[in-house]
Amino acid sequence: MTGRALEGEAALVTGGGKGIGRAVVDRFVAEGAQVGVLVRSAADADDLVAAHGDRVAPVIGDVRSWDDNLRAVTTVVERFGRLDVLVPNAGVYDFSVPFEDQTGPEIAARFDELIAVNVKGYLLAARAALEPLRAMRGSIVFTLSSSSFYAGGGGVLYVTSKHALVGTVRQLAFELAPEIRVNAVAPGGTRTGLGGLASAGAEATRLDAIEGFDRMVAKTVPLGFLSEPEDHADAYVLLASRSASRFMTAVILPSDGGLEVRGGGRRKRG
């Protein structure tokens with residue numbers, strides 16, 4: 001890619017206040033885009049404006065709400081006159097609680113919360129953005145996960161949600177072509193503040209606060225280190241760029257340190 005890949009375009013990122021979503025917002029702005037951001041807190045909204053000024057349009061809301069998704073899309077179109085790229089990204093984590101350690105009622109409550117954020121939130125964002133994206137022949141870039149393909153990166157609820165999104169990408173790519181391209185990035189272990197479930201009493205728990213998480217990931221992946229959110233941002237730019245990926249749809253780019261070849265773990269030298 002030459003020049004600024006998203007010059008003059010407008011995007012919307014859900015869950016863009018922290019972690020991978022924030023890295024995507026920062027990178028899109030650097031590539032010339034104006035970016036709407038659906039966030040949960042006023043603090044995140046204020047931080048985005050402090051960093052990027054009128055290049056961003058934060059909207060405080062909940063990805064589980066149709067009205068909030070529609071309000072975010074409307075804000076982008078009213079502020080920037082168009083919508084070219086949607087990045088559904090918000091998520092919650094189940095912290096790998098074993099299936100048998102959860103009662104039936106716990107599974108029911110946690111499933112409803114996790115799937116509502118990780119899957120329904122993506123579908124609502126895509127539906128809210130459908131008409132303006134079609135008008136611009138734009139694209140959707142979903143945030144998936146290495147857990148969309150491999151077991152062991154979460155508990156059964158999280159892994160189920162991320163596997164479900166593979167079908168979401170493929171079906172929407174099929175239905176929305178040729179006007180809208182639908183692709184995804186699948187990051188692996190990342191130093192990010194991915195939060196837990198309120199229904200499990202883990203709403204304040206963050207993935208990057210788990211002791212030994214970085215060592216565990218480093219030992220597992222062939223490249224041997226825990227990634228940072230910024231390590232994945234260029235993959236989103238590639239898939240959002242009309243010039244760099246105009247013949248790509250239903251593509252899921254792994255950004256996971258080589259998990260496909262890990263076998264029993266990272267190979268030791270000597």
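Each residue takes its place number in the sequence, starting with 1.
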Colleague: For Val261 and Pro222, work out which heavy atoms get closest and say how close.
Modeller: CG2-CG, 3.9 Å
Colleague: Quick one: closest heavy-atom pair of Leu239 and Ser245, and the distance?
Modeller: O-OG, 3.1 Å
Colleague: Would you mind checking if Asp208 and Arg206 are paired as a salt bridge, meaning a charged N to carboxylate O distance below 4.0 Å?
Modeller: no
Colleague: Got more than 12 heavy atoms from elsewhere within 6.0 Å of CD, Glu7?
Modeller: yes
Colleague: Give the intermediate values and the outcome of side-chain contact (heavy atoms from CB on, under 4.5 Å) for residues Val59 and Val39.
Modeller: CA-CA 6 Å; Val59 175; Val39 296; over 6 Å; no
Colleague: Within the side chain of Glu31, is there an N or O that forms a donor-acceptor pair under 3.5 Å with the backbone of Phe28?
Modeller: no
Colleague: Between atom CZ of Arg27 and atom NE2 of His232, what is the distance when rounded to the nearest 0.5 Å?
Modeller: 14.0 Å
Colleague: Under a 4.0 Å N-O cut-off, is there an ion pair linking Arg79 with Asp54?
Modeller: no
Colleague: With a sphere of 6.0 Å drawn around CZ of Arg82, does it hold more than 12 non-hydrogen atoms of other residues, nucleotides or ligands?
Modeller: yes
Colleague: Would Phe111 end up clustered with Phe99 when hydrophobic side chains under 4.5 Å apart are linked, directly or stepwise?
Modeller: yes
Colleague: Just by distance, do the side chain of Asn89 and the backbone of Thr14 share a donor-acceptor pair under 3.5 Å?
Modeller: yes
Colleague: Take Val25 and Leu48 through the test side-chain contact (heavy atoms from CB on, under 4.5 Å) and record every step on the way to the result.
Modeller: CA-CA 9 Å; Val25 172; Leu48 284 160; 4.0 Å; yes
Colleague: Any salt bridge linking Arg22 with Asp26? Criterion: basic side-chain nitrogen under 4.0 Å from a carboxylate oxygen.
Modeller: yes
Colleague: Kindly indicate whether the side chain of Glu260, heavy atoms from C-beta on, has any atom under 4.5 Å from the side chain of Pro254.
Modeller: no
Colleague: Tell me whether Ser241 contacts the main-chain N or O of Leu238 through its side chain, where contact means a donor paired with an acceptor under 3.5 Å.
Modeller: no
Colleague: Please check if Ile60 and Leu124 belong to a single hydrophobic cluster, counting links between Ile, Leu, Val, Met, Phe, Trp and Tyr side chain heavy atoms closer than 4.5 Å.
Modeller: no
Colleague: Would a distance-only check, ignoring hydrogens and angles, find a side-chain to backbone donor-acceptor pair under 3.5 Å from His52 to Val29?
Modeller: no
Colleague: OG of Ser255 to CD1 of Ile20: how many Å apart, nearest 0.5 Å?
Modeller: 8.0 Å
Colleague: A side-chain contact here means heavy atoms from C-beta on lying under 4.5 Å apart; do Ile115 and Lys120 qualify?
Modeller: no
Colleague: Would you find a donor on one side and an acceptor on the other, under 3.5 Å apart, between the side chain of Asp256 and the backbone of Pro187?
Modeller: no
Colleague: Under a 3.5 Å distance rule, please check whether Asp84 uses its side chain to pair with a backbone N or O of Ala11 as donor and acceptor.
Modeller: no
Colleague: Is it possible for you to say whether Val49 and Val24 belong to one hydrophobic cluster, with membership spreading through side-chain heavy-atom contacts below 4.5 Å?
Modeller: yes
Colleague: Val185 and Val141: which non-hydrogen atoms are nearest, and at how many Å?
Modeller: CG2-CG1, 4.1 Å
Colleague: Give the minimum heavy-atom separation between Ala10 and Phe80, together with the two atoms involved.
Modeller: CB-CB, 3.9 Å
Colleague: State, yes or no, whether a side-chain contact exists between Val56 and Gln34 at a heavy-atom distance under 4.5 Å.
Modeller: no
Colleague: State which residues pass ring pair (Phe, Tyr, Trp, His ring centres under 6.0 Å) with Tyr93; sequence neighbours excluded, sorted by chain then number.
Modeller: Phe95, Tyr158
Colleague: Is any NZ, NE, NH1 or NH2 atom of the basic residue among Arg127 and Glu131 found under 4.0 Å from an Asp or Glu carboxylate oxygen of the other?
Modeller: yes
Colleague: Kindly give the heavy-atom pair with the smallest separation between Ala184 and Val169, and that separation in Å.
Modeller: CB-CG2, 3.9 Å
Colleague: Mind checking whether Phe149 and Ile252 have side chains closer than 4.5 Å, heavy atoms only?
Modeller: yes
Colleague: The test is side-chain contact (heavy atoms from CB on, under 4.5 Å); show your working for Leu38 and Asn69 and say whether it passes.
Modeller: CA-CA 8 Å; Leu38 183 56; Asn69 279 282; 4.0 Å; yes
Colleague: Any side chain to side chain donor-acceptor pair (under 3.5 Å) pairs touching residues 109-118, not counting sequence neighbours?
Modeller: Gln102-Arg110, Glu113-Ser199, Asn118-Ser161
Colleague: Please say yes or no: joined through hydrophobic side-chain contacts below 4.5 Å, possibly via intermediate residues, are Val159 and Leu165 part of one cluster?
Modeller: no
Colleague: Compare every heavy atom of Ser139 with every heavy atom of Leu133, then report the nearest pair and how far apart it is.
Modeller: CD2-O, 3.8 Å
Colleague: Assess whether a salt bridge exists between Arg242 and Glu9, defined as any Lys/Arg side-chain N lying under 4.0 Å from an Asp/Glu carboxylate O.
Modeller: yes
Colleague: Is there a donor-acceptor contact under 3.5 Å from the side chain of Thr160 to the main chain of Val156?
Modeller: yes
Colleague: Counting distance only, does the side-chain N/O of Arg181 pair as donor-acceptor with the main-chain N or O of Gly138 below 3.5 Å?
Modeller: no
Colleague: Under a 4.5 Å side-chain heavy-atom rule over Ile, Leu, Val, Met, Phe, Trp and Tyr, are Leu12 and Met136 clustered together?
Modeller: no
Colleague: Would Val85 and Val87 count as a side-chain contact (heavy atoms from CB on, under 4.5 Å) here? Give the steps.
Modeller: CA-CA 7 Å; Val85 184; Val87 180; 4.2 Å; yes
Colleague: Report yes if some heavy atom in the side chain of Phe213 is under 4.5 Å from a heavy atom in the side chain of Leu207; otherwise report no.
Modeller: yes
Colleague: Give, for atom CG of Asp101 and atom OG of Ser96, the distance between the pair rounded to the nearest 0.5 Å.
Modeller: 11.5 Å
Colleague: Quick one: does Val73's side chain get under 4.5 Å of Leu83's, heavy atoms only?
Modeller: yes
Colleague: Mind running salt bridge (charged side-chain N to carboxylate O under 4.0 Å, His left out) on Arg191 and Glu228 for me, showing each step along the way?
Modeller: CA-CA 5 Å; Arg191 194 186 316 278; Glu228 303 293 339; 2.8 Å; yes
Colleague: Quick one, Thr143 with Tyr236, criterion side-chain hydrogen bond (donor to acceptor under 3.5 Å, both in side chains). Give me CA distance, side-chain angles, the key distance, then yes/no.
Modeller: CA-CA 9 Å; Thr143 295; Tyr236 291 85; 2.6 Å; yes
Colleague: Mind checking the CG-CZ spacing from Asn183 to Phe142? Nearest 0.5 Å is all I need.
Modeller: 10.0 Å
Colleague: Is Trp66 close to Asp68 at the side-chain level, that is, under 4.5 Å between some pair of heavy atoms?
Modeller: no
Colleague: Can you find a heavy atom in the side chain of Arg134 that is under 4.5 Å from one in the side chain of Leu176?
Modeller: yes
Colleague: Say you draw a straight line from NZ of Lys18 to OG1 of Thr192; how long is it, rounded to the nearest 0.5 Å?
Modeller: 10.0 Å
Colleague: For the OG1 atom of Thr220 and the CG atom of Leu226, what is their distance to the nearest 0.5 Å?
Modeller: 10.5 Å
